[in-house]
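Numbered from 1 within each chain, the chains take letters A, B, ... in sequence-line order.
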Protein chains: 2
Amino acid sequence: MATKENPGEILHKYGLKVTATRIRVLDVLINSPVALSHSDIIGLIDDPMIDKVTVYRTLNAFTTQGLTHKVANEDRNWLYALYFHNSNQPATSDDHAHFICRQCERIYCMPITSMNPKPDVREIGGFVITSHEHRIHGVCPECH
Amino acid sequence: MATKENPGEILHKYGLKVTATRIRVLDVLINSPVALSHSDIIGLIDDPMIDKVTVYRTLNAFTTQGLTHKVANEDRNWLYALYFHNSNQPATSDDHAHFICRQCERIYCMPITSMNPKPDVREIGGFVITSHEHRIHGVCPECH
DNA sequence: AACACTAATGCAACAAAGTTGCAATGTCGG
DNA sequence: CCGACATTGCAACTTTGTTGCATTAGTGTT
């Protein structure tokens, strides 16, 4: 799995210049089982010298390059997660679901399973379906 | 269908005091086939005397009382829609889907159909599922 | 190892959506 | 019609995220 590589190699592979802030942000993402917000990441890095704008731009660069994807939480803040977590091959936003724990409010990116069925029609009443996003609410393993 | 009643009756039925702003906001929602943002509603009322804070509080009151529900759009702004649109019985957030047009970006609240399958398991890998929200992307009838 | 090209950073200022406090006003049951 | 209580309107504020720009740093080439 891609997380066996070190952050520098991963950044290079995704066409991103290797800088100190990017390594630290990527490291935090690699070590998280859940999607993280900008403020989560700032908190986990826990260094007053880190610049918030640089972290915003880092996350946007990661997402543009396809290293991460973003998903809005229930408070409508962006959360970021690596694409290659929970699967061996790169995922796209179309082929995984998001599990939102109603207790801890954390969001897990889930691989496709029977919990996440695709629509079985491609068109209905003039509405043409091209993709779907499944947001599954419940309680995560840590919360019970 | 509930939209045959007038706005005053509807407000009363949902335990909301009948005021001029509430009637105007409800009227805009009744006449829209899609979910509307705060700024959409302000624009449709088109009266410089309308107060934005009052409209925010009106929409929160509608949602608290179960007259409307809110859904975040792709820009993570809240959109509001009547619960009783597109169905005869009141819907909950659990049993309908949202169709997001990738061209006009409008969001339609859809009744349950085969486009919107429920997860066929209630638990997987320690994740207990209690509800799901289906966000379906595609092109709406107006855009092709 | 040094160079130069280009991208990334750090700082301040800004933007948009939405909330809060509070005095003034309006609604509605009795 | 009155009084209790909810709603309104205004200003100030909060939070999240973006933009502009001068400075700094990474990277491929020589």
How many Å lie between [atom1] on [X] and [atom2] on [N], as a whole number?
X	N	atom1	atom2	result
B/K17	C/dT25	NZ	P	17 Å
B/Y80	C/dA17	OH	P	12 Å
B/H38	C/dT19	NE2	P	10 Å
A/L16	D/dA25	CG	C1'	15 Å
B/R22	C/dG26	CZ	C1'	11 Å
B/R24	D/dT7	CZ	C1'	16 Å
B/D75	C/dA15	CG	C1'	14 Å
A/H12	C/dA7	NE2	P	16 Å

Problem set entry | Closest listed nucleotide, where the reference is the side chain of A/T21 and the choices are D/dC5, C/dT9, D/dG9 | C/dT9
For this session: Looking only at side-chain atoms of A/T54, point me to the closest of D/dG26, C/dG10, C/dG18.
Result: C/dG10
Problem set entry | Any donor-acceptor pair under 3.5 Å from A/D27 side chain to A/I23 backbone | no
Problem set entry | Heavy-atom donor-acceptor pair, A/N6 side chain to A/G8 backbone, under 3.5 Å | yes
For this session: First locate atom CG of B/L26, then atom OH of B/Y80, and finally report the distance between them rounded to the nearest 0.5 Å.
Result: 15.0 Å
Please report, to 0.1 Å, the donor-acceptor pairs under 3.5 Å made by any side chain of residues 136-144 of chain A, with sequence neighbours excluded.
none

Seminar exercise, completed: Residues passing the side-chain contact (heavy atoms from CB on, under 4.5 Å) test with B/L44, sequence neighbours excluded, are B/V28, B/L36
For this session: In sequence, state the C-alpha distance, the side-chain angles, and the governing distance for A/Y108 and A/H98, and then conclude on ring-ring contact (aromatic ring centres under 6.0 Å, His included).
Result: CA-CA 6 Å; A/Y108 298 76; A/H98 293 116; over 10 Å; no
For this session: Would you jot down, in residue-number order, the residues of residues 40-53 of chain A having a non-hydrogen atom under 4.0 Å from DNA chain D?
Result: A/K52, A/V53
For this session: Please check the phosphate of C/dG18 (OP1 and OP2 only) for any side-chain N or O of B/Y56 closer than 4.0 Å.
Result: yes
Problem set entry | Contact nearer the 5' end of DNA chain D, comparing B/A20 with B/R76 | B/A20
Seminar exercise, completed: The residue, B/W78 or A/T19, whose nearest nucleotide of DNA chain C is more 5′ is A/T19
Exercise. Salt bridge or not for B/E133 and B/R135, using N-O below 4.0 Å?
Worked result: yes
For this session: Mind checking A/N60 for me? I need base, sugar-phosphate or nothing, with any heavy atom below 4.0 Å counting as a touch.
Result: sugar-phosphate
For this session: Please work out if A/R57 contacts a base, only the sugar-phosphate, or nothing of the nucleic acid, heavy-atom cut-off 4.0 Å.
Result: base
